[in-house]
Amino acid sequence: MIGLAGVSTGDAQRMGGSLDPGRDPAVIAQIVVRAAADATSLSPVRRAVRRHLVAAGAAPDVVADLELAVSELATNVIRHSSTDDIVVGLEQVGSSWMLDVHGAASLDAIAPEIPRVGSVDGRGLVVAAAVTDHLELIDVDGDRIVRCWRAG
């Protein structure tokens with residue numbers, strides 16, 4: 001089951017961003033998506049992100065790039081963490097988009113490396129870094145978040 005949550009002050013703090021428009025007048029559009037941390041949630045999460053971006057008027061290349069980034073990063077959370085939920089935050093800040101994917105506890109640093117020839121996994125961070133302008137790992141109250149920025 002996927003849910004679009006209203007954004008509270010607590011969500012804003014957990015998201016590590018400025019999801020409270022009262023605090024940051026540059027925030028134009030925002031959502032928080034919560035879903036079970038299993039493979040069946042990937043498609044609904046991608047669709048929710050895509051719908052929001054399209055509704056907000058994002059350019060087609062921005063929509064495609066952020067949809068791919070959220071897919072790769074949510075897959076990492078499912079495969080490499082023990083969390084029960086995927087939590088994705090997306091907000092437009094000025095002319096850029098900020099995508100947060102929670103549950104990156106297994107990551108110690110963001111250092112996307114091209115996997116060895118013949119490897120069947122390990123491309124998620126490389127792909128996300130390739131389609132966004134900036135990728136970073138942040139900690140907010142013990143929650144590890146992968147944050148991507150994409151001009152749009």
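Not measured: the values here are computed from a predicted model.
- The two residues A35 and V45 come nearest to each other via the heavy atoms CB-CG2, 3.9 Å.
- For the residue pair M98 and R147, the shortest heavy atom distance occurs at SD-NE, 3.2 Å.
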Stepwise side-chain contact (heavy atoms from CB on, under 4.5 Å) check, V88 with V32: CA-CA 6 Å; V88 173; V32 176; over 6 Å; no
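- From W97, atom CH2 reaches atom CD of Q30 across 10.0 Å, with rounding to the nearest 0.5 Å.
- Annotation for E72 and G124: closest pair OE1-CA, 3.3 Å, computed over non-hydrogen atoms.
- Put simply, L42 and L90 are part of the same group of oily side chains (I, L, V, M, F, W, Y) that touch within less than 4.5 Å, one to the next.
- Listed by chain and residue number, R50, L53, V54, A58 satisfy the side-chain contact (heavy atoms from CB on, under 4.5 Å) test with V63 (two or more places apart in sequence, or in another chain).
- Using modelled atom types, one side-chain atom of T75 and one backbone atom of S71 make a donor-acceptor pair closer than 3.5 Å.
- Evaluation of the salt bridge (Lys or Arg N to Asp or Glu O under 4.0 Å) rule for D61 yields R150 as partners, not counting sequence neighbours.
- For D139, the salt bridge (Lys or Arg N to Asp or Glu O under 4.0 Å) partners are R144, not counting sequence neighbours.
- Judged by distance alone, with hydrogens and angles left aside, the side-chain atoms of S95 form no donor-acceptor pair with the main-chain N or O of G152 at under 3.5 Å.
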Criterion salt bridge (charged side-chain N to carboxylate O under 4.0 Å, His left out) on D85 and R34, from CA distance to verdict: CA-CA 7 Å; D85 297 312; R34 298 174 196 278; over 6 Å; no
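- The CD atom of E136 lies 10.0 Å from the CD1 atom of I145; values are rounded to the nearest 0.5 Å.
- The hydrophobic cluster containing V127 does not contain I78, counting ILVMFWY residues as joined when their side-chain heavy atoms lie under 4.5 angstrom apart, directly or transitively.
- Shown here are the side-chain contact (heavy atoms from CB on, under 4.5 Å) partners of S96, two or more places apart in sequence or in another chain: W149, A151.
- In this structure, a donor-acceptor pair under 3.5 Å is present between the side chains of R47 and S43.
- Follow the hydrophobic side-chain contacts under 4.5 Å out from L125 and you reach L137 in the same cluster.
- Looking at residues two or more places apart in sequence or on another chain, you find a side chain to side chain donor-acceptor pair (under 3.5 Å) between D38 and T40.
- When all heavy atoms of A129 and L135 are compared, the pair lying nearest together is N-CD1, 4.0 Å.
- Pairing each heavy atom of S41 with each of I86, the nearest pair is CB-CD1, 4.3 Å.
- The side-chain contact (heavy atoms from CB on, under 4.5 Å) check on A69 picks up L99, A128, V131, T132, with sequence neighbours excluded.
- For the pair S81 (side chain) and V77 (backbone), a donor-acceptor distance under 3.5 Å is present.
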